[in-house]
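Accompanying notes for the structure given below.
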Amino acid sequence: MSTNRPRTTLAISCAATLLVLLNFTAPLPAAALIGADLGAGASGRTWILGGIGVGLAASLMVAGSLADDHGRKRVFVAGGGLLALASAGCALATAPWAFVFARVVQGTAGAALLAAGLGLLGHACAPGPERARATGLWGAMVGGGIALGPVFSALVVRAADWRAVYWAVAAAAGALALWGAASLAESRNPRRRGFDAGGAVTLGLGVSLLVAALVEGRGGWARPHVLALLAAAAVALAAFGAVERRADAPLLDLALLRRPAFLASTVGALVVGAGVVGFMTYVPTAAQSLFGMSPLQSAGVLAIWSGLSFVAAPQARRLAGRVTDRHQVAAGLLACGVGQLALAGIGEHASWWRLVPGLVVAGLGSGVVNAALAGLAVRSVPADRVAVGSAANNASRYLGSSIGVALVATVLALAPQGGGAAHAVGVGMSRAALVTGVLVLAGAGLVALCRER
């Protein structure tokens with residue numbers, strides 16, 4: 001029987017977020033193994049990691065709009081079922097294209113769970129301490145999923161094989177869909193609007209082309225097909241802006257961008273993706289190259305950052321009423337930037353302990369940011385558009401992560417190759433820490449400037 005109990009909604013929403021982020025990071029320690037088993041070339045291995053980002057970034061706004069207007073529970077349950085099917089597709093894949101296609105569909109399913117899940121939470125929990133606690137726990141699941149994904153994957157691969165990881169995700173997603181169907185109460189906008197098909201097509205196409213260009217760009221930005229993808233993405237996104245200005249019920253009301261809180265939420269999420277997640281994605285690979293770590297050991301190093309993020313996020317609620325959510329985002333980004341700058345200078349002769357102080361500071365900052373962004377995303381939009389607020393925030397995060405991964409890959413490629421592979425990784429990661437650290441500090445300043453009148 002469906003209920004309106006906020007605790008039940010919180011538990012289901014948090015479980016979904018944990019699963020989506022676990023699935024998002026699961027391939028990090030096993031990408032080389034998956035690529036070798038499927039016979040993937042360099043481009044195929046890149047898409048094994050990046051394919052899910054296409055589905056997430058392209059689908060979040062559509063999922064949020066459908067959830068608000070046609071039922072958040074309905075979209076959530078559909079997302080859980082689709083994630084189960086797509087995960088089974090990953091486990092059954094025998095060719096790189098089949099695995100990548102299933103990962104893109106996983107991204108679409110994850111978009112439905114994230115947008116509808118936070119929308120359900122925003123509707124069920126009243127503004128104030130109750131919502132601050134709920135969004136803090138939801139934000140903790142972002143760090144928890146990132147921490148658990150690589151460790152879970154490495155353990156399962158050691159015990160069985162990489163396909164077992166996706167069978168486990170399929171089983172968990174199916175159970176989540178059943179739990180949501182049985183326990184969630186439906187909520188939607190009482191004034192249902194028409195579906196903005198033009199906005200959905202142009203935004204989905206534009207974001208998909210942009211993420212595809214970012215993924216392919218890791219192999220060289222001047223290649224003709226990369227330039228063509230970038231140009232086509234620019235045309236599609238310009239068309240989206242034109243469509244939204246004329247739409248009676250736009251997918252994304254562009255007037256929201258004039259709201260300082262919405263702008264701070266969007267900028268903060270984009271910077272977290274580009275500057276923090278983009279850099280941390282490479283930490284396991286760097287730890288393996290520099291320190292000779294196993295996939296499981298390198299996942300443990302990443303968990304210093306993501307695990308502390310998980311711990312810090314629920315505690316951020318103690319700041320509610322004393323520090324605004326916007327200032328929490330700015331302060332958290334400041335800590336992330338300082339932590340990443342502390343990682344500069346790492347080299348092949350350093351101990352892995354050299355990573356710990358920077359990862360600790362960045363992890364604590366990430367926890368505060370994740371909790372505050374969740375609350376800001378819900379607060380920055382009208383009450384009947386909470387899933388759209390969640391979708392815009394998460395879309396910015398995952399688009400940002402694609403930009404960040406491409407940025408770090410470019411910096412690593414520019415590192416001198418003469419001193420050996422480990423030397424090149426050390427120099428590249430040190431430079432990437434400087435570049436992304438400065439980017440995050442700039443983002444903190446921008447968020448702080450989005451003052452609400």
Side-chain angles (χ1 to χ4, degrees), residues 1-23 63-64 67-68 71-81 83-84 110 112-148 171-190 307 309-321 325 328 367-381 383-391 393-394:
M1 180 178 177
S2 298
T3 77
N4 276 312
R5 290 177 298 172
R7 288 186 179 181
T8 301
T9 303
L10 174 61
I12 295 173
S13 178
C14 284
T17 304
L18 184 72
L19 179 62
V20 171
L21 270 297
L22 180 152
N23 178 59
D68 280 334
R72 299 177 185 112
K73 173 183 175 179
R74 180 179 297 176
V75 170
F76 183 93
V77 172
L83 181 58
L113 289 171
L114 289 174
L118 188 53
L120 285 161
L121 200 59
H123 177 79
C125 298
E130 181 185 21
R131 182 177 288 177
R133 174 180 175 274
T135 55
L137 289 172
W138 188 93
M141 296 304 111
V142 175
I146 292 173
L148 287 176
L176 183 67
L178 292 174
W179 187 16
S183 302
L184 290 172
E186 187 59 282
S187 67
R188 61 170 61 89
N189 182 356
S309 171
F310 172 77
V311 171
Q315 304 308 316
R317 75 181 190 279
R318 302 180 189 278
L319 299 173
D325 44 17
Q328 289 179 46
V368 173
V369 170
N370 288 336
L373 278 177
L376 191 58
V378 171
R379 179 177 70 81
S380 65
V381 295
D384 60 355
R385 308 303 291 167
V386 286
V388 166
S390 166
N393 183 269
N394 281 290

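In this text, all values refer to a predicted model and were calculated from it rather than measured experimentally.
Contact check for Leu83 versus Leu19: side-chain heavy atoms found under the 4.5 Å cut-off. Two residues are said to be in side-chain contact when any heavy atoms from C-beta on lie closer than 4.5 Å; Ser183 and Thr8 meet this criterion.
A pairwise comparison of heavy atoms in Leu113 and Gly80 identifies CD2-N, 3.6 Å as the closest pair. Among all heavy-atom pairs drawn from Gly143 and Ser309, the shortest one is CA-OG, 3.8 Å. In terms of heavy-atom proximity, Asp325 sits nearest to Ala372 at O-CB, 3.6 Å. Between Phe76 and Gly180, the shortest heavy-atom distance links the atoms CE2-CA, 4.5 Å. For the pair Ala181 and Val77, the tightest heavy-atom approach, listed with the atom from each and the gap, is N-CG2, 3.6 Å. Across all their heavy atoms, Ala63 and Ala112 have their closest contact at CB-CA, 3.8 Å.
Distance CG/Leu114 to CG/Asn393: 10.0 Å, rounded to 0.5 Å. The OG1 atom of Thr17 lies 7.5 Å from the CG atom of Leu118; values are rounded to the nearest 0.5 Å. Taken to the nearest 0.5 Å, the CG atom of Leu137 stands 11.0 Å off from the CZ atom of Arg7. Taking CD1 from Ile146 and CZ from Phe310, the interatomic distance works out to 12.5 Å, rounded to the nearest 0.5 Å. One finds the CD atom of Glu186 at 6.5 Å from the CZ atom of Arg74 (value rounded to the nearest 0.5 Å).
Gln328 places no side-chain N or O within 3.5 Å of a backbone atom of Val369 that could act as its donor or acceptor partner. Under the 3.5 Å distance criterion, the side-chain polar atoms of Lys73 are matched with a main-chain donor or acceptor of Leu184.
For Arg133, the salt bridge (charged side-chain N to carboxylate O under 4.0 Å, His left out) test picks out no residue, with sequence neighbours left out. Contacts of Ala134 classified as side-chain contact (heavy atoms from CB on, under 4.5 Å), with partners at least two apart in sequence or in another chain: Leu10, Leu121, Cys125.
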